[in-house]
Amino acid sequence: MGAVNIWEKMLNLDRRWIFLGIGIISIVFFLVGFGMPVTTTKEVENIFDFVNELGPDDAIFIGFDFAPGTQAENMPMAVAVLRHAFHNNIPVFMTAIVPLGQGMAVSALNYVTDPAIDGHYERVLFEDWADYREAGITNREDIIAAWERDGNVLPEGALGWVFEGRDYALLGYLPLFHLVILGMTNSIETQFPVDYHGNPIGEMPMLKEHKSLRDVDLAVTNAASGACTYWITYAREKIGLPIAFGVTGVMATDYYPYIQSGQIIGQMGGLRGAAEYEVLLQENGITATTDKAFRGMDVQSAEHIFIILLIVIGNIAYFAGGFHKKTRLKGRG
Amino acid sequence: MYDTIGIWVGALFTLAIYSFLYKENPVYRLAEHLVVGISMGYIIVLIYNTVILPKLLEPIFGGNHWLLIIPGLLGLLYITRFIPSIAWLSRYPIAFVMGTGMGIGFPLTMKAYVLRQLEAAVIPLYSSGMPWHEVLGNIVMIFGTLAALIYFFFSKPHKGLFFGTGSKIGIWVIMLGFGATFGFTVMGRISLLIGRIQYLMGDWLHIIE
């Protein structure tokens, strides 16, 4: 009887003890930081390799299709791809399917161009290099040469310049985004006459070279909802635009069939997918260190071990206590 | 200065939300209501600034694009839902959106979600030079798909070798799918916690990088 009571107590454990355990493990593993290795998977490598083959003459879309609620998962993957694009001088269009995603795009850009972070990119706003555009200087190398000739020096710790309108355009959010994608297959400018800051898109050199999605080489949608499939339906199937997904862990299994069918080139699933991309960036010398997703993987691994242990203990208690022979557990109406 | 205030507000509201893990309390409810209210307020202002103002009001009053009054009025009909006597008028914009959505989306949606997936399931089990693990993967994929489909075939009793055994295998395949989804869900939820802990210990307390 006494033994059964122990099993009963185990099965009816107050869930707050589990929350406490998870909280303590999170804090301890962040403080200690074991740096457990993260191996990369084919799904993430495919995205990395695809982006790595692109250059200044190409262009990609990065979709910030998530709200702050899933920032922890989606932001690191978006930041990693943005860093990769800036490193390879690939022009980037930043969009948002959801209203709050626009703020996420701004945050990602601020983070990658934050002067306080070693390995940042120095941002030059659209109006700051207006004179060069008026003088007909739109080639990236020429812009940098003229910019530095005018006395601008790349700050210590910065990896390079990024010019708004040449290297990136923050297009922002529009409602009914599936129709926006459809419209962009003909013209990006008709859908976004001005960018997030109100700059006229038509005056941006990157828009002159990439007028529609047909002139774009890849769209990476970092999403927290099924809206990411808009890109497959309205861009992939209509004009054959290569698509890559960065999705939350909860969604990841739903989209594996699209990899198998070849509708997406790859997928970053949850924090793990983002950590893999960070590892690939570091291994290929694009960043000096990994970032937040990788640092979180120690905690992730420890938490998973803890949860597995709880499941094992719960099952032992269930069978050892003989509860599999009863219709319900004691103490649970 | 503003950044510091923002970080403190974020940290305190994170703690307020997590206080629910102990038990529901007024601080949690305050934080919850503020999240909903501020998000809605933000979205309304955002949509006004990104859609209504530049795509409707400015072109009409600044550019003399008077035809835009028609979609503008059609959009306003949505609001008639709040007036019971003329609520039926809201069906017109809904019908318009549904109709155009179906017309535009149906062919591409069929192609993306049905035809491509069917095409991807029609693959050879084996061809020369194919590595053994790929052969195994193809077998599992094809027979797993068929078994899962048999489980959802309700016009015949699930008895006998084909329907009985097939549907049992189908259940296993579906359960494996659920298991994988559950694993990813656990990972996802823990990831969200990790994000918050990084914020609290890094941005707020500066204990970690």
Side-chain angles (χ1 to χ4, degrees), chain A residues 15-16 19-20 22-23 26-27 30-31 33 67-73 75-76 99-100 102-103 172-176 178-179 182 193-194 196 229 232-234 236-238 248-254 256-258 260-263 269-272 292-293 295-297 299-300 303-304 307, chain B residues 10 18 20-23 35 39 42-47 50-51 54-55 97 100-101 104-105 107-113 115-121 123 137 141 145 177-202 207-209:
Chain A
R15 68 178 69 176
R16 286 177 289 194
F19 297 148
L20 183 66
I22 284 172
S26 299
I27 292 167
F30 262 127
L31 290 174
T70 60
Q71 187 179 353
E73 287 186 278
M75 187 61 97
L100 295 174
Q102 186 165 276
Y173 162 76
L174 278 182
L176 297 175
H178 56 299
L179 298 180
L182 206 57
V194 292
Y196 171 75
T229 55
I232 292 181
T233 311
Y234 297 97
R236 170 73 193 167
E237 296 305 340
K238 186 160 189 261
T248 60
V250 176
M251 296 160 62
T253 45
D254 289 349
Y256 273 98
Y258 295 103
Q260 196 260 332
S261 65
Q263 289 169 287
L271 196 70
R272 154 103 201 180
K292 286 184 176 177
R295 286 201 286 274
M297 286 312 290
V299 180
Q300 188 96 63
E303 298 288 17
H304 284 187
I307 289 166
Chain B
Y18 278 139
F20 180 79
L21 296 176
Y22 183 70
K23 68 177 184 181
V35 166
S39 301
Y42 178 80
I43 289 169
I44 288 169
V45 171
L46 188 72
I47 288 177
T50 55
V51 184
K55 293 194 183 293
V97 170
T100 50
I104 292 167
L108 289 170
T109 304
M110 271 297 286
K111 194 175 168 188
Y113 299 150
L115 299 179
R116 290 276 186 216
Q117 292 300 318
L118 275 175
E119 196 182 309
I123 51 169
M141 199 276 287
T145 305
F178 287 156
T181 302
F182 176 70
F184 267 108
T185 303
V186 169
M187 185 179 87
R189 300 301 179 228
I190 295 292
S191 299
L192 299 183
L193 173 72
I194 287 169
R196 286 292 85 192
I197 300 275
Q198 274 179 328
Y199 181 80
L200 291 174
M201 293 175 71
I207 299 171
I208 59 170
E209 268 186 51

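In what follows, every chain begins at residue 1, and chains take the letters A, B, ... in the order their sequences are listed.
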Colleague: Only pairs of heavy atoms separated by less than 4.5 Å count here; which of A:Ala72, A:Pro175, A:Gly69 has the most with chain B?
Modeller: A:Ala72

Colleague: Who are the ring pair (Phe, Tyr, Trp, His ring centres under 6.0 Å) partners of B:Phe20, not counting sequence neighbours?
Modeller: B:Tyr28

Colleague: Output yes when a side-chain donor or acceptor of A:Gln300 lies under 3.5 Å from a complementary backbone atom of A:Arg272, and no otherwise.
Modeller: no

Colleague: Counting only N and O atoms by type, is there a donor-acceptor contact under 3.5 Å from the side chain of A:Arg16 to the main-chain atoms of B:Tyr22?
Modeller: yes

Colleague: Quick check on A:Leu176 against chain B: is it the side chain, the backbone, both or neither that has a heavy atom closer than 4.5 Å?
Modeller: neither

Colleague: Pick from B:Met141, B:Arg196, B:Met201: which one has the most heavy-atom pairs with chain A under 4.5 Å?
Modeller: B:Met201

Colleague: Check each atom of B:Tyr42 against the heavy atoms of chain A and say whether the ones under 4.5 Å are side chain, backbone, both or neither.
Modeller: side chain

Colleague: For B:Met187, which atoms come within 4.5 Å of any heavy atom of chain A: side chain, backbone, both, or neither?
Modeller: both

Colleague: Where does A:Ile27 contact chain B at under 4.5 Å (heavy atoms): side chain, backbone, both or neither?
Modeller: both

Colleague: Would you kindly say whether A:Thr248 and A:Thr70 are connected by a side-chain donor-acceptor distance under 3.5 Å?
Modeller: no

Colleague: Measure B:Leu21 against the heavy atoms of chain A and call it side chain, backbone, both or neither at under 4.5 Å.
Modeller: both

Colleague: Please identify, among B:Ile190, B:Val186, B:Leu193, B:Thr100, the residue contributing the most non-hydrogen atom pairs under 4.5 Å to chain A.
Modeller: B:Ile190

Colleague: For B:Leu200, which atoms come within 4.5 Å of any heavy atom of chain A: side chain, backbone, both, or neither?
Modeller: neither

Colleague: Just by distance, with hydrogens left out, do A:Ser261 and B:Glu119 show a side-chain donor and acceptor under 3.5 Å apart?
Modeller: no

Colleague: Could you have a look at A:Gly270, A:Pro257, A:Gly23 and say which one has the most heavy-atom pairs with chain B under 4.5 angstrom?
Modeller: A:Pro257

Colleague: Do B:Gln117 and A:Gln263 have side-chain N/O donor and acceptor atoms under 3.5 Å apart?
Modeller: yes

Colleague: Please look at A:Pro193 and chain B and tell me whether the side chain, the backbone, both or neither of the residue comes under 4.5 angstrom of a heavy atom of that chain.
Modeller: side chain

Colleague: Measure from the side-chain N and O atoms of A:Lys238 to the backbone N and O of A:Thr233, and report whether any donor-acceptor pair falls under 3.5 Å.
Modeller: no

Colleague: Non-hydrogen atoms of chain A under 4.5 Å away: do they reach the side chain of B:Ile208, the backbone, both or neither?
Modeller: side chain

Colleague: Please classify the contact of B:Gln198 with chain A as side chain, backbone, both or neither, using a heavy-atom distance under 4.5 Å.
Modeller: both

Colleague: Got a sec, which residues hit ring pair (Phe, Tyr, Trp, His ring centres under 6.0 Å) with A:Tyr173, two or more places apart in sequence or on another chain?
Modeller: none

Colleague: Please determine, among A:Tyr258, A:Phe30, A:Tyr256, A:Phe19, the option with the most heavy-atom pairs under 4.5 Å with chain B.
Modeller: A:Phe30

Colleague: If we ignore hydrogens and angles and just use 3.5 Å, is the side chain of A:Glu237 paired with the main-chain N or O of B:Thr109 as donor and acceptor?
Modeller: no

